[in-house]
2 protein chains.
Amino acid sequence: MADVARHAGVAIGTVSNTLNNPDKVSESTRRRVLASIAELGFVRNDAARSLAAGSSTTVGLVLADLDNSFFVDIARGAESLLRQHGMNLLIANTDVDPAREQRNLELFEESRVAGILIAPTPWVAPRLPAVRSTPLVYVNAEPIDALHSGVVVDERQGGYLAARHLIDLGRTRLAFVGGPFLLNAVAARHEGALRAVAESTGVTLETIETRGVNIPHGRQAARDIVDGGAGRFDGVVAASDLLAIGCIQVFDEQPGFNVPADLAITGYDNNHFVSESATPVSTIAQPGEEMGRVAAQMLINQIVEPGTALPRTVALVPHLIARRSTLGEAWRRD
Amino acid sequence: MADVARHAGVAIGTVSNTLNNPDKVSESTRRRVLASIAELGFVRNDAARSLAAGSSTTVGLVLADLDNSFFVDIARGAESLLRQHGMNLLIANTDVDPAREQRNLELFEESRVAGILIAPTPWVAPRLPAVRSTPLVYVNAEPIDALHSGVVVDERQGGYLAARHLIDLGRTRLAFVGGPFLLNAVAARHEGALRAVAESTGVTLETIETRGVNIPHGRQAARDIVDGGAGRFDGVVAASDLLAIGCIQVFDEQPGFNVPADLAITGYDNNHFVSESATPVSTIAQPGEEMGRVAAQMLINQIVEPGTALPRTVALVPHLIARRSTLGEAWRRD
DNA sequence: TCACATTCTTGAAACGCTTCATTCCGTTGC
DNA sequence: GCAACGGAATGAAGCGTTTCAAGAATGTGA
């Protein structure tokens, strides 16, 4: 910067001003300085900048799982809102590893980002951070302390919608496939399904707990169902799209057995690919981008006027997308 | 830090040493300092740190498209290697927007990261950065100047493998579906397919150019094929998995027409979900994680001993994964 | 006991920017 | 012609670390 000042024949402070407060510098001077900057290929040192200014313009997002399109949606939503406010988003991937999550949090805290967004790994709420000094908002998880705000999706409502949908289609013997139940999300979806069942007469729901929410777990659950007599159920509420796909794969292998005629299935998540899978899966879509935007907005509020807004967690509602796995031939792509 | 020093009754430099050169500090002092740090909740200011030290321990990755699992694999690979070297990875998503790409590059440059990895948006190689001062390695793209290194995948070889596979299965009337051809990757895959055809006698290949590589483009191309007489071809080399899926969707709607019996199809990318789609798609898998690792390694070399290694770009080879869209019933999951 | 080597500590000088009280200088008003 | 004014430009004082020469403390051998 000193070089630029010398080259342009101005003071160091003037260079700083043309970069940060252009209106405090006369047109001619500004042009001269900008020319020098270009000529010398000067790049402002942000470490020095944020040290001196005591503020940063970037927000960190600690993300549990980049493989899950839901989280990517969150990132996209957050980024778009931040950009509107002239801020930037940096993402640190955690790969569902609590240690890395912790490390990334510290990293952002040390680098004095303006704020932190965290979409934590689901099945471990323990001593996350003691992020005291940096504004922080949880996404897709309840804050673990009363100090922070959060944005969640109403999982119970999602489970309700899925079961309700099946019931509305005339299904009465339902199974809930999902687990483990210590995942809060799974438990909540289950509760929602139960509520829908309780509301209706003559509808039963049996719970089949799985050890995870991926395709192999779904296949296993479906095999168990088939072994116990495939006719026991006419509807399945799966706790994830992958579970649903696993189930469908197995059911499709049963001769004379048809999804959804004999058994309708709902998934959960609206994974980007479920609409293209063997049998396009009816699913509960979570408003990922909206969650990202809302969370970013809450974070910005905290950044611009700290201590003003009380911590609160807002719950957004998911919605149902019906496809062939429940509607059958009646469903057409697009 | 001054607070910590005072609280622990030591000099400021000693605090710094217990953080950065623990072995230069006596056991007892170190313990006392660490205790004070914990008690005061001190968090090192990384801006000041990297300003004073003149070095950083984080690497920035500018990613074109987080929705594409291939890019996520790259990130994962890079991160794992960097972590082995005690470095951290921060990701900036570009969403295939050149302006944001440029901005993110500047951002990383200003924050004086140790190095930058860039997986650029494909169809625009123009004046990316003039990143002069920061080590930079391209991933999945040829460097646009002779100054930087890059890691690419041999697309030509991929196209060759796909066509070769079909030919080995006895297919002789091939179509190449993909476009636009100004995408280097598409053009290279096409060339590879042509080479495989040229090697074999009695095999023909017709090119059907599309305007993109997504599912709708594939559907459109398949409709064109059907309109011209579905029997013209017995094999399709698609330039992407999404194209292949689009084609399959349309072909499956044709009565009495069977994939792969009547028409075998290969995709490209090994998108995470193609193995679960209607007809699991044979595909060319790109070594995303390996690319990330290799690129990170090249970057680290440049960081630790700048100017030593000459710029070079290494090409990794893709491989074929055969599934039902070419093997038919012979193929089993797992 | 003393000289000397070794291990710890210390504190001040950077690092490259922003900020802000001052100074400069060309205008305006009387 | 002079005082008062205000927009531009200045430059030195931080910002919170690391680094490193120099000093203090401790240990060793004769």
Side-chain angles (χ1 to χ4, degrees), chain A residues 1-37 40-58 86 106-114 132-134, chain B residues 1-37 40-58 86-88 106-114 132-134:
Chain A
M1 201 151 175
D3 292 345
V4 174
R6 201 174 313 126
H7 186 274
V10 299
I12 245 180
T14 303
V15 177
S16 174
N17 273 334
T18 114
L19 250 28
N20 304 313
N21 311 77
D23 38 330
K24 289 194 174 179
V25 178
S26 74
E27 173 70 19
S28 65
T29 308
R30 192 191 324 154
R31 259 210 287 272
R32 200 147 32 91
V33 171
L34 290 178
S36 296
I37 287 179
L40 299 181
F42 166 76
V43 176
R44 186 226 267 93
N45 182 330
D46 191 64
R49 187 192 111 82
S50 62
L51 175 58
S55 78
S56 160
T57 172
T58 101
E106 288 168 0
L107 206 66
F108 279 136
E109 218 183 345
E110 288 187 358
S111 64
R112 295 292 192 276
V113 291
R132 324 147 125 85
S133 45
T134 310
Chain B
M1 201 151 175
D3 293 344
V4 174
R6 200 173 315 124
H7 186 274
V10 299
I12 247 182
T14 303
V15 177
S16 175
N17 271 335
T18 114
L19 249 28
N20 305 312
N21 311 78
D23 39 330
K24 289 193 173 177
V25 178
S26 73
E27 172 72 18
S28 65
T29 308
R30 192 190 327 155
R31 259 209 287 272
R32 200 147 32 91
V33 171
L34 290 178
S36 297
I37 286 180
L40 299 181
F42 165 78
V43 176
R44 187 225 267 88
N45 182 330
D46 191 63
R49 187 190 111 83
S50 61
L51 174 59
S55 77
S56 160
T57 173
T58 101
M87 312 195 73
N88 302 99
E106 288 168 2
L107 206 68
F108 279 136
E109 218 183 344
E110 287 187 359
S111 64
R112 296 292 192 275
V113 292
R132 326 145 124 84
S133 44
T134 311

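Everything numeric here is computed off the predicted structure, so don't read it as measured data. Letters A, B, ... mirror the listed sequences (proteins, then strands); counts begin at 1.
With distances taken from any side-chain atom of A/Leu51 to the nucleotides C/dT10, D/dG16, D/dT18, the minimum falls on D/dG16. Distance from the side chain of A/Thr29 is smallest for D/dA9 among the nucleotides D/dA9, D/dT17, C/dG11. Which of C/dT10, C/dT18, D/dT10 sits closest to the side chain of A/Met1 comes down to C/dT18. Minimum atom distance to the side chain of B/Ala53 is reached by D/dT18, of the listed D/dT17, C/dT10, D/dT18. Looking at the side chain of A/Phe42, the nearest of the listed nucleotides D/dC20, D/dT10, C/dC17 is C/dC17.
Contact between the side-chain N/O atoms of A/Asn20 and the OP1/OP2 oxygens of C/dT18 is found at a separation under 4.0 Å. For the OP1/OP2 pair of D/dT18 and a distance below 4.0 Å, the side-chain nitrogens and oxygens of B/Arg44 include at least one atom meeting the criterion. For C/dT9, neither phosphate oxygen OP1 nor OP2 lies less than 4.0 angstrom from any side-chain nitrogen or oxygen of B/Thr14. OP1 and OP2 of D/dT17 both lie 4.0 Å or more from every side-chain N or O belonging to B/Ser50. Put simply, B/Ser16 has a side-chain N or O that comes within less than 4.0 Å of OP1 or OP2 on D/dT18. Side-chain N/O atoms of A/Ser26 include one lying less than 4.0 angstrom from OP1 or OP2 on D/dA9.
Expressed to the nearest 0.5 Å, how far OG of B/Ser26 lies from CG of B/Asn17 amounts to 11.0 Å. Rounding to the nearest 0.5 angstrom, the gap separating the CE atom in B/Met87 from the OG1 atom in B/Thr58 is 7.5 Å. Note that CG of B/Asn88 and CG of A/Leu107 are 4.5 Å apart. Values are rounded to the nearest 0.5 Å. One distance of note links OG of B/Ser50 with CG of A/Asn45; it measures 7.0 Å at 0.5 Å rounding. B/Leu34 CG to B/Thr29 OG1: the interatomic distance, rounded to the nearest 0.5 Å, is 10.5 Å.
Comparing A/Ile12 and A/Arg32 against DNA chain D, the residue whose closest nucleotide sits nearer the 5' end is A/Arg32. Between B/Arg112 and B/Asp23, the residue anchored closer to the 5' end of DNA chain C is B/Asp23, taking for each the nucleotide with the nearest heavy atom.
Rounded to whole Å, the distance from CG on A/Leu19 to P on C/dT19 is 12 Å. As rounded to whole Å, 12 Å separates atom C1' of C/dT18 from atom CG of A/Asp46. Rounded to a whole Å, the CG atom of B/Asn45 is 6 Å from the C1' atom of D/dG16. In this structure, A/Asn17 atom CG and C/dC17 atom P are separated by 14 Å, rounded to whole Å. One interatomic measurement links the two molecules: NZ of A/Lys24 to C1' of C/dA21, which rounds to 12 Å at whole-angstrom precision. As rounded to whole Å, 10 Å separates atom P of D/dT17 from atom CD of A/Glu110. Taking atom CG on A/Asn21 and atom P on C/dC17, their separation rounds to 16 Å, with Å as the unit. One can place CZ of A/Arg6 at 14 Å from P of D/dT10, the figure rounded to the nearest angstrom.
Here A/Gly13 lies in heavy-atom contact (under 4.0 Å) with a base. A/Val15 comes within 4.0 angstrom of nothing in the nucleic acid, heavy atoms only.
A/Ser16 contributes no side-chain N or O that, together with a main-chain N or O of A/Ile12, makes up a donor-acceptor pair within less than 3.5 Å.
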